[in-house]
2 protein chains.
Amino acid sequence: MTSTSPTLREQSERLLHRLAESGARLTPTRAAVLRALTSRSDGFTVEELCGDVRPVGRATVFRTVRLLLQKGLVCKLAMGDATPRYALSRSGHHHHAVCVRCGAVDDFRGCDLDDLVQRVAAAAESEVLGHRLEVYVVCAQCRRNDASGSAPSTHHAKHQKFRAIE
Amino acid sequence: MTSTSPTLREQSERLLHRLAESGARLTPTRAAVLRALTSRSDGFTVEELCGDVRPVGRATVFRTVRLLLQKGLVCKLAMGDATPRYALSRSGHHHHAVCVRCGAVDDFRGCDLDDLVQRVAAAAESEVLGHRLEVYVVCAQCRRNDASGSAPSTHHAKHQKFRAIE
DNA sequence: AACGGAATGATACCGAGTCTCAGTAACCAG
DNA sequence: CTGGTTACTGAGACTCGGTATCATTCCGTT
Ligand SMILES: [Mn+2]
Ligand SMILES: [Mn+2]
Ligand SMILES: [Zn+2]
Ligand SMILES: [Zn+2]
């Protein structure tokens, strides 16, 4: 009912605490980055984040994102050739569907992928260390925009914002 | 039986022709790059290629690889954070298992992945444009090297050449 | 309050990849 | 073979995402 969604604030608080628990210091700068982060939960580049937390130095934003990545609190999306994007990490092993128009990220899991991966590895007598699956899509929202033929509002993207597909 | 393996020469010839057919000009430089390419079929960075074809300019090597990529003659491997690697493309849709020790690339295909991908997309009402799956492994060869011990440098600290896994 | 290590930010730097532009060389008429 | 059109080449400047340096600040503990 209030202006800003309380869940966002809560979410960044939680992340902040998880950082603190893991030995990192609890600074205003990090709080700011985390707040910006959570309000952009749909996927973002570091450069975009920099814009959101303006007085904070670029290097620091990069460092913070790296830290969050190491702690497993954000996911990195390879995005083919385009600049990498990041998204808040739901916990556990999962994969991503990324909209190449607007950058929205959708997590998914619970796939038979591990079986497949193991079969492949067995065939080659190699040991699996990990795998990565990314699905490139046009999201429901962007499809609707396409269909209605009108100019997208806050939803940028004329056509194909990210060159995620080779 | 001559000195150089005939298959490699044949292979680069074939690629050269496929380029010509698609309207590209047939130049000594490209022939050189393709020869280097085929003798490195296990995966390579552009920089490595540059070393192999030394008098050829760096920009040209990049351009050539880009061209081959567009024509679908080579595959690009994202490799997480490490610099992207390329490999000769077997035709058709497939995925890659990459050894994080030596960079060897193993193609595979014929997976139920498309079903999975479609299911995911349907759930989100989005349209699938494509997907990418990469499996990171220690290949059979590298495992043997590990096992045969006599590790001169004593580290079981598994020395990972590529930071492909986050 | 004081200390020590961690965090910050300005800036220099790095490395992959692209662009520019002038010169060169395939290819295709004629 | 010859000449013209156009693609290709290469040196080098440039872009841009990301990191290293280092002096300064400041968190957290004692
Ligand atoms: Mn995620
Ligand atoms: Mn391939
Ligand atoms: Zn979208
Ligand atoms: Zn290997």
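Reminder, nothing fancy here: chain letters follow the sequence lines and each chain counts from 1. Every value quoted in this text rests on a predicted model; they were computed, and no experiment measured them. For the numbers below, each heavy atom of this structure counts, side chains included, while hydrogens, waters and symmetry mates do not.
For B/H94 (side chain) and B/D107 (main-chain N/O), no donor-acceptor pair under 3.5 Å exists by modelled atom type. Side-chain atoms of B/R40 never come within 3.5 Å of backbone atoms of B/L37 as a donor-acceptor pair (strictly under, hydrogens ignored). Side-chain atoms of A/R30 come within 3.5 Å of backbone N or O of A/R25 as a donor-acceptor pair. A/E127 places no side-chain N or O within 3.5 Å of a backbone atom of B/R143 that could act as its donor or acceptor partner.
Note on ring orientation: taking the six-membered ring where Trp is involved, the planes of B/H93 and B/H131 are perpendicular (angle over 60°, cut-offs 30° and 60°).
Straight-line distance from the NZ atom of B/K76 to the P atom of C/dA16: 13 Å, rounded to whole Å. Whole-Å rounding puts the A/L77 CG to D/dG17 P distance at 16 Å. Between the C1' atom of C/dG15 and the CZ atom of B/R85 lies a distance of 16 Å, rounded to the nearest Å. One can place CG of A/L19 at 13 Å from C1' of C/dA7, the figure rounded to the nearest angstrom. Atom-to-atom, CD of A/E48 to C1' of D/dC16 comes out at 15 Å; the value is rounded to the nearest Å. For the pair A/E47 CD and D/dT15 P, the computed distance is 15 Å after rounding to whole Å. C/dG17 atom C1' lies 14 Å from atom CD of B/Q70, rounded to whole Å. In this entry the distance linking CG of A/L67 with P of C/dA6 reads 13 Å, nearest Å.
Using a 4.0 Å heavy-atom distance criterion, B/T29 is classed as a sugar-phosphate-only contact.
In the displayed structure, B/E47 atom CD is contacted under 6.0 Å by more than 12 heavy atoms of other residues, nucleotides or ligands.
Among A/T64, A/T29, A/L49, the single residue meeting the side chain to side chain contact (heavy atoms under 4.5 Å, CB included) criterion with A/V56 is A/T29.
The overall bend of the helix from C/dA1-D/dT30 to C/dG30-D/dC1, read as the angle between its terminal helix axes built from five base pairs each, is 30° when rounded to 10 degrees.
For the pair A/R30 and C/dA6, the criterion of a side-chain N or O lying under 4.0 Å from OP1 or OP2 is not met. Between A/T60 and C/dG9 there is a side-chain polar atom (N or O) within less than 4.0 angstrom of OP1 or OP2.
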Checklist entry - For every nucleotide of nucleotides 18-30 of chain C, 5' to 3': is a protein heavy atom under 4.0 Å from its base (B), only from its sugar-phosphate (S), or from neither (-)? => result BBB----BBS---
Checklist entry - Stepwise, does the side chain to side chain contact (heavy atoms under 4.5 Å, CB included) test hold for B/L113 with B/H95? => result CA-CA 10 Å; B/L113 213 66; B/H95 300 285; 3.5 Å; yes
Next on the checklist: Could you walk me through whether B/T7 and B/T38 satisfy the side chain to side chain contact (heavy atoms under 4.5 Å, CB included) test, starting with their C-alpha distance in whole Å, then the side-chain angles of each, then the deciding distance to 0.1 Å, before giving a yes or no?
Outcome noted: CA-CA 9 Å; B/T7 25; B/T38 46; over 6 Å; no
